[in-house]
Amino acid sequence: IMFHIKCRNNVYPKTDGKIIRFHVPDDKVSWNAQYPMYNPTLFTSTCVVGQPWADLNLSEFDSQPSWNTIDGYVNRISSTGIYKIKNGYPLNPCGRTGIIGRGILGRWGPNHAADPIVTRWKKSNNEYVFDKNSGKPILQFVAIQREDSSEWALPGGMVDPGEVISTTLKREFMEEALDLLQKSEEDVIKIRKEIEKIFNEGIEVYRGYVDDPRNTDNAWMETIATLFHDEKGVNVGILKLQAGDDAIGVKWVDLDKNLKLYANHTSFLEEIATRLKCHW
Ligand code: RP5
Ligand code: MG
Ligand code: MG
């Protein structure tokens, strides 16, 4: 998507309603549209300042970060293309959000995440289940409930500096949907083996900007969403779903166009519905 909605005209997350975005009407989102009245709220949360996983404030860098490139271990490349730098600050490629600063995001510019989409066919008594209206088989995916917004979402997370995407996809799935961080060493070995089978073959279904409620004019989420479909459902059948880390719930959810999910996660599932010709 190149048009954001969830990071506009609302209160900024995790601020007890104290940080309110400056109003940006649809026709003023683009940086090309003149908006002389635009007076965005400056907000960088104290919870990111000084964190090892976060950038410094831009005034504190000895030399400015290397934008649009791999900067040491930090990937500052945007999959949307070259982003602009204005007065030293990277500009959100999707346009205005009503907030300047980093908000609660760690990085200036792109903040890279990965979203695993683990799917299986819905079955009842070992038979496929078809939707009454569309006549198509129903696909299910693993969803987690986010602690920050209580919304259901893909079990995705941030790519650690230097980490390969395939590792992030597995790690976040195991942490959020299988509660790996609380498991015994023995169980961890077992879970990792099960996961290798499921995550052996993935299909990238989305790479780009995320309409994430945390985005600002100078910091935004991007992701690579990858499909791991278990045609027979045998490998995923063994998994014991258990919410972990910052997830407060986990379950199999039927794909359907009326799903209300975090950010623009629903659009990734729509892409999968087209590919696998399942009910939507
Ligand atoms: C979304 O935020 C991504 O699509 C991903 O699901 C998630 C990553 O952030 P955390 O879950 O680590 O907060 O933009
Ligand atoms: Mg996580
Ligand atoms: Mg997460």
Side-chain angles (χ1 to χ4, degrees), residues 1-8 10 12-15 45 47-48 51-55 75 78-80 92-94 97 99 102-107 109-118 141-161 163 165-183 191 195 199 202 204-216 219-228 241-251 253 259-272:
I1 59 147
M2 278 315 267
F3 190 76
H4 51 209
I5 292 172
K6 299 211 172 167
C7 56
R8 267 200 297 143
N10 50 19
Y12 195 83
K14 283 185 152 177
T15 60
S45 171
C47 74
V48 305
Q51 293 298 325
W53 45 265
D55 283 337
N75 180 7
S78 169
S79 48
T80 67
N92 186 315
C94 266
T97 68
I99 299 266
R102 263 178 300 169
I104 53 175
L105 291 178
R107 304 280 173 209
N111 287 251
H112 293 285
D115 284 297
I117 309 176
V118 174
F141 76 103
V142 175
I144 57 99
Q145 190 177 21
R146 294 181 61 93
E147 182 185 42
D148 54 3
S149 67
S150 312
E151 288 169 288
W152 287 85
L154 294 169
M158 301 293 185
V159 182
D160 290 337
E163 187 176 49
I165 304 296
S166 58
T167 301
T168 314
L169 289 162
K170 287 185 242 181
R171 181 178 55 71
E172 290 292 338
F173 187 85
M174 292 189 288
E175 287 175 8
E176 299 187 4
L178 302 175
D179 197 21
L180 193 81
L181 300 174
Q182 300 300 323
K183 298 290 180 199
I191 292 171
I195 282 297
F199 283 65
E204 187 178 310
V205 291
Y206 181 81
R207 179 187 288 247
Y209 185 84
V210 183
D211 186 10
D212 190 291
R214 294 170 289 190
N215 293 348
T216 73
W220 60 90
M221 292 297 307
E222 297 194 8
T223 197
I224 296 176
T226 306
L227 167 65
F228 300 98
L241 297 185
Q242 189 178 337
D245 197 25
D246 55 1
I248 54 171
V250 63
K251 63 181 177 187
V253 171
L259 282 174
K260 297 273 176 291
L261 298 175
Y262 184 74
N264 60 317
H265 287 178
T266 307
S267 66
F268 310 161
L269 296 167
E270 184 172 11
E271 168 65 26
I272 288 169

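Bear in mind the structure is a predicted one, so any value in this text is a computation, not a measurement. Counting starts at 1 for both ligands and their atoms, following the listed order.
Side-chain N/O atoms of Thr97 and Asn215 include no donor and acceptor closer than 3.5 Å. With no hydrogens or angles considered, no side-chain donor-acceptor pair links Asn264 and Tyr209 at under 3.5 Å.
Counting only distance, with no hydrogens or angles, the side chain of Glu222 and the backbone of His112 share no donor-acceptor pair below 3.5 Å. No donor-acceptor distance shorter than 3.5 angstrom exists from the side chain of Asp245 to the backbone of Ala247, with no hydrogens or angles considered. Judged by distance alone, with hydrogens and angles left aside, the side-chain atoms of Asn111 form a donor-acceptor pair with the main-chain N or O of Gly109 at under 3.5 Å.
Screening the protein for N, O or S atoms under 2.8 Å from the Mg ion (ligand 3) yields 2; no waters enter the count.
Sorted by first then second residue, the salt bridge (charged side-chain N to carboxylate O under 4.0 Å, His left out) pairs that include residues 148-159, not counting sequence neighbours, are Arg146-Asp148.
Aromatic ring centroids of Phe173 and Phe199 lie under 6.0 Å apart.
Nearest heavy-atom pair across Val159 and Ala114 is CG2-N, 4.2 Å.
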List, for ligand 1, each N/O atom that has a protein N/O partner under 3.5 Å away, with both atom names and the distance.
unit_1	atom_1	unit_2	atom_2	d
ligand 1	2 (O)	Asp212	OD2	3.4
ligand 1	2 (O)	Arg214	NH2	2.9
ligand 1	4 (O)	Asp115	OD2	2.5
ligand 1	4 (O)	His265	NE2	2.8
ligand 1	6 (O)	Asp115	OD1	2.5
ligand 1	6 (O)	Asp115	OD2	3.4
ligand 1	6 (O)	His265	NE2	3.3
ligand 1	9 (O)	Arg214	NH2	3.1
ligand 1	11 (O)	Arg146	NH1	2.8
ligand 1	11 (O)	Gly156	O	3.2
ligand 1	13 (O)	Arg146	NH2	2.9
ligand 1	13 (O)	Arg214	NH1	2.7
ligand 1	13 (O)	Arg214	NH2	3.4
ligand 1	14 (O)	Asp212	OD2	2.6

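Residues satisfying the side chain to side chain contact (heavy atoms under 4.5 Å, CB included) criterion with Glu271, sequence neighbours excluded, are Val205, Arg275.
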